[in-house]
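Down below is the structure, laid out as structure tokens.
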Amino acid sequence: MVDASPVFMPTSAKQLLRDDDSLLRQVFFNVLRHHHPNTANKVDVIYALSQAWCKSKDDADFELLEKYLYNLKPEECILVASSFSHMLNLHNLTEEVANTQTERAGRMGELTLPTRSTNMSLIKLTSNSNVKPETVYETLCNQTVALVFTAHPTQAFRQSLLKKYARVRGYLDEMHNKRMSPYEKIELLEAIRAQVQAAWRTDEIRRQKPTPQDEMRHGLSYFQQTIMDMVPIFYRRVDTALANIGQPRMPLTHRLFEFGSWMGGDRDGNPNVTAGTTRDVVVLARLEAVNAYFHAVETLMFDLSMWRCSPELKALARRLAARAAAADPGRVAEERKKRNYADFWTPIAANEPFRVVLSHMRDRCVSVCLLSLVSGAVFGRQCCAHGWWFDPWLSCDRVLIWGQGLALFVWLE
């Protein structure tokens, strides 16, 4: 059982780092002692000898540490090395949490950060450098940052471990940012202990060589877990910073970021990457994008229950509702249930225009996925064609949908 005493949140980032590091080290040692008591004792001795040498810098202390390590058995060396690897990973988490707390304090104006935030950067450009706000706005509207994922598997950690460490980091953030009762702190500390124990019991090494398709799936996990959530937040901060200098929001047609990937496309002598491989990973990326839109659209269907809308959207909803009404409602509902839709199985009436349009969007997302899976040995050529997905929308009205912090720009028939 982990010590459930209240966790003190210091004002100093360094003190916060030390407290979190001590907490995670204590949790890890408790887990290690439970599963490998002898190894835990040896790790404790090595840790103490290392601390002694770091403080004294005396050769005698270093020789004592060297002699102790030399006398370890091979199987003990593996467990000891793995233990210190996990402790270093947990320490890296505490540094990330401390940096997050420091950045948050900077945004609150409690301290001055060495790097400026987006808002302060624009204010200093207009006030100190005498750059016109209009020039700042035009410059942002005319630039795009292209970020490309490497084709080589440089990430040493397995996804299983990365997700567990991410949960621990989230728990530490919650511990510092949320007022909690003693019982909630006990539950949170037990959750941290569970993730630390799961990480310790997880194999650190991939036992199979990844294929280019595997590399692409691993790369796409960053879109699923980070980019799809964080990019809209950054866009909103840019809009807020522009508003603070008297400028309008960024045009919805402009992309500040675009993403590319070399994964599955490094055809410069890699015998494992063929034309079929490249086609696989391209379609896989498109399917993941469609899947992300599907979940966003389905979430928005619960949020956008309003009946007031623009005349253009109302006319579009009426056309789509009339088309849906021509089909058998029972057959449509059964088909949508088979597709595991969360709700809104039967055709939606035109008095809920947003939901009518979103229902059509949801069906089209699933149609893309189904077409890709059944129309060829690899993937359907029609799905890979850019025009199949976008051309029917380009001649229609633009609809802006806001929900759950995500702005989607869609062109609908």
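Computation of the quantities below employed the complete heavy-atom set of this structure, encompassing side-chain atoms and omitting hydrogens, waters and symmetry-equivalent molecules. For this chain, numbers begin at 1 and follow the sequence in order.
At distances below 3.5 Å, at least one donor-acceptor pair connects side-chain atoms of Asn89 with backbone N or O atoms of Ser85. The main-chain N or O of His295 is found under 3.5 Å from a side-chain atom of Thr299 such that the two form a donor-acceptor pair. A distance-only check finds no donor-acceptor pair linking the side chain of Tyr293 to the backbone of Glu288 [under 3.5 Å]. No donor-acceptor distance shorter than 3.5 angstrom exists from the side chain of His360 to the backbone of Ala321, with no hydrogens or angles considered. Between the side chain of Asn177 and the backbone N or O of Asp173 there is at least one donor-acceptor pair closer than 3.5 Å. Under a 3.5 Å cut-off, the side chain of Ser22 and the backbone N or O of Arg18 do not form any donor-acceptor pair.
Of all heavy-atom pairs between Met228 and Ala292, the closest is CE-CB, 3.7 Å. A pairwise comparison of heavy atoms in Val357 and Leu320 identifies CA-CD1, 4.0 Å as the closest pair. Nearest approach of Lys185 to Met180, heavy atoms of both residues: CE-O, 3.7 Å. Here the closest heavy-atom approach between residue Ala40 and residue Arg33 is recorded as CB-CG, 3.4 Å. Between Leu72 and Cys77 the shortest heavy-atom distance is CB-SG, 3.7 Å. Thr144 approaches Arg255 most closely through the heavy-atom pair OG1-O, 2.9 Å.
Between atom CE of residue Met301 and atom CZ of residue Arg362 there is a gap of 4.0 Å, rounded to the nearest 0.5 Å. Note that the CZ atom of Arg25 and the CG atom of Leu32 stand 13.5 Å from one another [nearest 0.5 Å]. One finds the CZ atom of Arg179 at 11.0 Å from the CD atom of Glu184 (value rounded to the nearest 0.5 Å). Ser359 contributes atom OG, which lies 10.0 Å from atom CD of Glu298 (distance to the nearest 0.5 angstrom). To the nearest 0.5 angstrom, Asp363 atom CG is 4.0 Å from Tyr341 atom OH. Distance check: Asp239 CG to Phe234 CZ gives 10.5 Å after rounding to the nearest 0.5 Å.
Ring planes of Phe84 and Tyr47: parallel class, angle under 30° (limits at 30 and 60°). Ring pair Trp200/His86 is perpendicular by interplanar angle, where above 60° counts as perpendicular and below 30° as parallel.
Side-chain contact check for Arg355 versus Ser305: some heavy-atom pair is nearer than 4.5 Å. Contact check for Tyr137 versus Pro251: side-chain heavy atoms found under the 4.5 Å cut-off. You'll find the side chain of Leu23 reaches within 4.5 Å of the side chain of Leu189, heavy atoms only. Taking the side chain as every heavy atom from C-beta outward, Glu76 and Thr39 never approach each other to under 4.5 Å. Using a 4.5 Å heavy-atom threshold, the side chains of Glu352 and Trp307 count as separate. Within the 4.5 Å cutoff, no side-chain heavy atoms of Val136 are placed close to those of Thr139. You'll find the side chain of Ile192 reaches within 4.5 Å of the side chain of Met175, heavy atoms only. Val281 is not listed as a side-chain neighbour of Trp262, based on a closest heavy-atom distance of 4.5 Å or more.
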Derivation of the side chain to side chain contact (heavy atoms under 4.5 Å, CB included) call for Val43 and Phe28: CA-CA 11 Å; Val43 170; Phe28 176 76; 5.6 Å; no
Pair Leu24, Asp20 - check side chain to side chain contact (heavy atoms under 4.5 Å, CB included), show working. CA-CA 6 Å; Leu24 292 186; Asp20 285 346; 5.6 Å; no
Go through it in stages, so that I can follow the logic: the residues are Gln15 and Asp19, the test is side chain to side chain donor-acceptor pair (under 3.5 Å), and I'd like the CA-CA distance, side-chain angles, deciding distance and then a yes or no. CA-CA 6 Å; Gln15 184 62 40; Asp19 288 351; 2.9 Å; yes
When you look at Asn30 and Gln197, which way does the side chain to side chain donor-acceptor pair (under 3.5 Å) test go after all the steps? CA-CA 9 Å; Asn30 288 343; Gln197 180 164 223; over 6 Å; no
Could you walk me through whether Leu242 and Arg249 satisfy the side chain to side chain contact (heavy atoms under 4.5 Å, CB included) test, starting with their C-alpha distance in whole Å, then the side-chain angles of each, then the deciding distance to 0.1 Å, before giving a yes or no? CA-CA 7 Å; Leu242 288 172; Arg249 296 177 182 272; over 6 Å; no
Walk me through it: do Val238 and Leu122 pass the test side chain to side chain contact (heavy atoms under 4.5 Å, CB included)? CA-CA 9 Å; Val238 171; Leu122 297 192; 5.7 Å; no
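The salt bridge (Lys or Arg N to Asp or Glu O under 4.0 Å) test applied to Glu138 returns no partner, not counting sequence neighbours. Every residue was checked against the ring-ring contact (aromatic ring centres under 6.0 Å, His included) condition with Tyr171, not counting sequence neighbours, and none meets it. With sequence neighbours excluded, the residues that form a side chain to side chain contact (heavy atoms under 4.5 Å, CB included) with Ser50 are Ile46, Leu65.
Side-chain atoms of Asn92 and Glu96 form no donor-acceptor pair, as typed in the model, at a separation below 3.5 Å. The closest side-chain donor-acceptor pair between Thr274 and Thr277 falls under 3.5 angstrom.
A salt bridge does not link Asp61 to Lys55: none of the charged side-chain nitrogens sits closer than 4.0 Å to a carboxylate oxygen.
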